[in-house]
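This report concerns only the one structure given below.
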Amino acid sequence: MKIGFIGLGIMGKPMVKNLLKENIEVLVNDINKESIEEVVRYGAKDSTIQTISNEVDYLILSLPNGAIVKSVLYSGENNILNNNKINIKGVIDTSSLTPNESLEISKVLGEREIKYFDAPVSGGEPLAISGELSVMVGCDENDLNEIKNVLNPIANSVVRVGEVGSGSVVKLANQIIVNTNIVALSEAVVLAKKFNIDLNGMYEAIRGGLAGSSVMEAKFPKMIKEDYKPGGTLNINLKDLKNVNSTADTVGLTLPLSSLVKEFYKSEVSHGNGLNDHSGIIKYIEKINNM
């Protein structure tokens, strides 16, 4: 099996490395040449869009937004579909899109008889590195085993949640839960700081109780160390929260908590902190409390 991979960011690079560990041939493309050089040292092949289109069985995308996904696949000047000899059987899109974007892309690819797997991931950089990502897939039920086989080196869980577009909906739901939890954790830590509580002790005291969560395990230690090197940036999560709001608007839903959390993120990004890890939203809570 030969795989193409486009998008070598925080998530994409470790995913490629895990594919290579399984001796899978991986052809890569990205605008960041340093990222390409890094994965080439592990055995990936630096390739053009046309070569990827001609040679790979499956294409995996890990890109910032739907506009870039569409540009790479069919709307940009140099795109995957601009080729009469496409070999690709399926596109596995791990990017975070809106459901409508996923449906549009699926329709366009379907006209060229290419399957589209709406397959966003959760777990951040740590689980991308360990190969234990959770993948929420929107696809035809009969195609699930096909995608599981491709994603086995990078994912611990691959669950079909419905047809194309469903993966994007579940990813947005995931982001509501993650980001509101991070804000709640931030408020709890700021309260503890105000009373000079030992944060390491607090972490040990509450992590095993009802307040304990994967979010706490991943983000509380970063807040204690004030280490905001990104595993998932404020920029990316603000984009996801905007997608939550726009998607809710299409069906007339009011999601007040998500809207409020989005404004917190927007504020931090506007202050130049968009490349911080999303645990860095605690700086917003500290700022409004003059801490």
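Looking at heavy atoms from C-beta onward, Leu127 lies out of side-chain contact with Asn156 at the 4.5 angstrom threshold. You'll find the side chain of Ile36 reaches within 4.5 Å of the side chain of Val40, heavy atoms only. Under the 4.5 Å side-chain criterion, counting only non-hydrogen atoms from C-beta, Ser47 is not in contact with Asn29. With contacts defined as side-chain heavy-atom distances shorter than 4.5 Å, the pair Arg207/Phe220 does not qualify. At a threshold of 4.5 Å between non-hydrogen side-chain atoms, the residues Tyr284 and His271 do not count as touching. Between Pro99 and Leu172, some side-chain heavy-atom pair lies under the 4.5 Å cut-off. Two residues are said to be in side-chain contact when any heavy atoms from C-beta on lie closer than 4.5 Å; Lys115 and Cys139 fail this criterion. Between Ile105 and Tyr74, the closest side-chain pair of non-hydrogen atoms falls below 4.5 Å.
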Between Tyr203 and Glu217, does a side chain to side chain contact (heavy atoms under 4.5 Å, CB included) hold up when you go through it step by step?
CA-CA 9 Å; Tyr203 176 46; Glu217 293 299 313; 2.8 Å; yes

Going through the checks in order, is the side chain to side chain contact (heavy atoms under 4.5 Å, CB included) test met by Ile206 and Met216?
CA-CA 10 Å; Ile206 67 176; Met216 180 180 287; 3.6 Å; yes

For the pair Val178 and Asn181, evaluate side chain to side chain contact (heavy atoms under 4.5 Å, CB included) and give the outcome as yes or no after the intermediate values.
CA-CA 5 Å; Val178 168; Asn181 267 271; 5.9 Å; no

Start with the C-alpha distance between Asn243 and Lys239, add both sets of side-chain angles, then the distance that settles side chain to side chain contact (heavy atoms under 4.5 Å, CB included), and finish with yes or no.
CA-CA 6 Å; Asn243 284 345; Lys239 180 263 298 180; 3.6 Å; yes

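Remark: Ser71 OG to Ile80 CD1 distance equals 11.0 Å, nearest 0.5 Å. One finds the CD1 atom of Ile285 at 11.5 Å from the NZ atom of Lys193 (value rounded to the nearest 0.5 Å). Taken from NZ in Lys148 to OG in Ser157, the straight-line distance is 8.0 Å, to the nearest 0.5 Å. A distance of 11.0 Å separates CD1 of Ile60 from CZ of Phe117, quoted to the nearest 0.5 Å. Taking CD1 from Ile147 and CG from Asp140, the interatomic distance works out to 12.0 Å, rounded to the nearest 0.5 Å. Expressed to the nearest 0.5 Å, how far CD1 of Ile236 lies from NE2 of His278 amounts to 9.0 Å.
No donor-acceptor pair under 3.5 Å is formed between the side chain of Thr233 and the backbone N or O of Asp277. Asp30 places a side-chain N or O within 3.5 Å of a backbone atom of Leu8 that can act as its donor or acceptor partner. Between the side chain of Asn174 and the backbone N or O of Val170, no donor-acceptor pair lies under 3.5 Å. Listed for the Asn18 side chain is a donor-acceptor partner under 3.5 Å among the backbone atoms of Ile129. Without hydrogens or angle criteria, Ser267 side chain to Phe264 main chain gives no donor-acceptor distance under 3.5 Å. Panel note: side chain Asn79, backbone Gly76; a donor-acceptor pair is recorded below 3.5 Å. The backbone N or O of Leu255 lies less than 3.5 Å from a partner atom in the side chain of Ser259, making a donor-acceptor pair.
Applying the 6.0 Å contact sphere to NZ of Lys229 captures no more than 12 heavy atoms from other residues, nucleotides or ligands. Within a 6.0 Å radius of NZ in Lys70, more than 12 heavy atoms belonging to other residues, nucleotides or ligands are found. For Lys107, the NZ atom sits in a loose shell: 12 or fewer heavy atoms of surrounding residues, nucleotides or ligands are nearer than 6.0 Å. Environment of CD in Glu141: sparse, with no more than 12 heavy atoms of neighbouring residues, nucleotides or ligands closer than 6.0 Å. Within 6.0 Å of atom CD in Glu34, 12 or fewer heavy atoms from other residues, nucleotides or ligands are found, so the atom counts as exposed in its surroundings.
Among all heavy-atom pairs drawn from Ile24 and Pro153, the shortest one is CD1-CG, 3.9 Å. Smallest separation of non-hydrogen atoms from Asp118 and Ser102: OD1-OG, 3.5 Å. The two atoms that bring Ser106 and Val164 nearest to each other are CB-CG1, 3.7 Å, heavy atoms only. Between Lys171 and Ser96, the closest heavy-atom pair is CE-OG, 3.0 Å. Scanning all heavy atoms of the two residues, the minimum distance from Gly7 to Leu63 falls at CA-CD2, 3.8 Å. Heavy-atom minimum distance, Asn276 versus Pro230: C-CB, 4.3 Å.
In summary, Asp227 and Lys222 engage in a salt bridge, as defined by a charged side-chain N under 4.0 Å from a carboxylate O.
In the hydrophobic clustering of this structure, Leu241 groups with Ile182; members are Ile, Leu, Val, Met, Phe, Trp, Tyr whose side-chain heavy atoms approach within less than 4.5 Å, directly or through other members. Follow the hydrophobic side-chain contacts under 4.5 Å out from Tyr42 and you reach Val16 in the same cluster. Cluster annotation: Ile68 and Val28 are assigned to distinct hydrophobic clusters (Ile/Leu/Val/Met/Phe/Trp/Tyr, side-chain heavy-atom contacts under 4.5 Å, transitive). Leu234 and Val215 fall within a single hydrophobic cluster, where Ile, Leu, Val, Met, Phe, Trp and Tyr are joined by side-chain heavy atoms under 4.5 Å apart, directly or via other members. Ile224 and Ile281 fall within a single hydrophobic cluster, where Ile, Leu, Val, Met, Phe, Trp and Tyr are joined by side-chain heavy atoms under 4.5 Å apart, directly or via other members.
Side-chain contact annotation: Asn273 with Glu268, donor-acceptor N/O pair under 3.5 Å present. Side-chain polar atoms of Asn237 and Tyr265 form no donor-acceptor pair below 3.5 angstrom. Side-chain N/O atoms of Asn100 and Thr98 include no donor and acceptor closer than 3.5 Å.
Each of Ile154, Asn152, Leu151 was compared with Leu19 under the side chain to side chain contact (heavy atoms under 4.5 Å, CB included) criterion, and only Ile154 meets it. Exactly one of Leu73, Ile3, Ile92 qualifies for a side chain to side chain contact (heavy atoms under 4.5 Å, CB included) with Leu59. That residue is Leu73.
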